[in-house]
Amino acid sequence: MADVSGRRFVVTGAASGIGHAVAERLLTAGAEVYSLDRNTPSAAVVGHIEVDLASPRSIDAALERLDGSYDGLINVAGIPGTAPGDLVLAVNSLAVRHLSEAFVDRLVPGGSVVIVSSIAGFGWPARLEAIRELLATNSFEDGAAWFKEHPQQGNAYNFSKEVARLSSQGRRSGP
């Protein structure tokens, strides 16, 4: 791991799974970690802010509670495909975009935004046109409305991870 001692990171999903492991690893390496999660993490983060990633207002309120600049935002939080499709898309894709776009001005020069997706995102070429349409929406709410009007075949989880994969390459851009 690169030297992250004294650097500041925000990790979504730090209360469990991969997000918890990322937070622990950063903390062990001397970084300051701030958690955005609906649950309280067991990791010794510097700060925790409860957030409902399915709500852009909750995301905005959480961002208002973060001060200063950061070396990175690490988007790990996600929900499984067993949840309702609109909720899966909201948390796994729309929240990632909303949070990342709102956070970018808080990054120090050279800072990074990381989006953790899934192997489930590798089917994106088959739905590239639909993904581009969704990414062309202008807000969280517009994206949710687009999804309601354009239900996707198959698992909403896979679609959400396909969208997240392409979101990581820049809004409105292709692979």
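We number each residue from 1, following the sequence as shown.
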Rounded to the nearest 0.5 Å, what separation is found between the [atom1] atom of [X] and the [atom2] atom of [Y]?
| X | Y | atom1 | atom2 | value |
| --- | --- | --- | --- | --- |
| L99 | L73 | CG | CG | 5.0 Å |
| Q153 | N158 | CD | CG | 12.5 Å |
| D37 | T12 | CG | OG1 | 7.5 Å |

[X] side chain to [Y] backbone, donor-acceptor under 3.5 Å:
| X | Y | value |
| --- | --- | --- |
| S35 | H48 | no |
| N39 | A15 | no |
| S117 | A164 | no |
| H98 | L94 | no |
| R38 | L53 | no |

Quick one: do L63 and V108 end up in the same hydrophobic cluster if we chain Ile, Leu, Val, Met, Phe, Trp and Tyr together by side-chain heavy atoms under 4.5 Å apart? no
Decide whether I18 and F122 are clustered together by the hydrophobic rule: side chain heavy atoms of Ile, Leu, Val, Met, Phe, Trp, Tyr closer than 4.5 Å, transitively. no
Any ion pair linking R127 and E133 (charged N to carboxylate O, less than 4.0 Å)? no
Can you confirm whether L87 is buried at CG, in the sense that more than 12 heavy atoms of other residues, nucleotides or ligands lie under 6.0 Å from that atom? yes
Are more than 12 heavy atoms, taken from residues, nucleotides or ligands other than R106, located less than 6.0 Å from that residue's CZ atom? yes
Give the table of side-chain donor-acceptor pairs shorter than 3.5 Å for residues 24-31, with sequence neighbours excluded, one pair per line with atom names and distance.
unit_1 : atom_1 : unit_2 : atom_2 : d
T28    : OG1    : E24    : O      : 2.9

Find out whether [X] and [Y] are in side-chain contact, i.e. whether some heavy atom of one side chain is under 4.5 Å from a heavy atom of the other.
| X | Y | result |
| --- | --- | --- |
| V163 | W124 | no |
| V114 | V22 | no |
| Q152 | L89 | no |
| Y157 | S118 | yes |
| V4 | F9 | yes |
| T137 | R97 | yes |
| L128 | L166 | yes |

Minimum heavy-atom separation for [X] and [Y], please, with both atom names.
| X | Y | result |
| --- | --- | --- |
| V116 | K161 | O-NZ, 3.8 Å |
| V88 | A83 | CG2-O, 3.6 Å |
| F147 | A156 | CZ-CB, 4.3 Å |
| V45 | V33 | CB-O, 3.2 Å |
| D142 | S139 | N-OG, 3.0 Å |
| V11 | G19 | CG1-O, 3.8 Å |

Residue set satisfying side-chain contact (heavy atoms from CB on, under 4.5 Å) with R65, at least two apart, ordered chain then number -> I49
F103 vs Y70 aromatic rings, parallel, tilted or perpendicular, using cut-offs 30° and 60°? tilted
Between S160 and N92: side-chain donor-acceptor atoms closer than 3.5 Å: yes
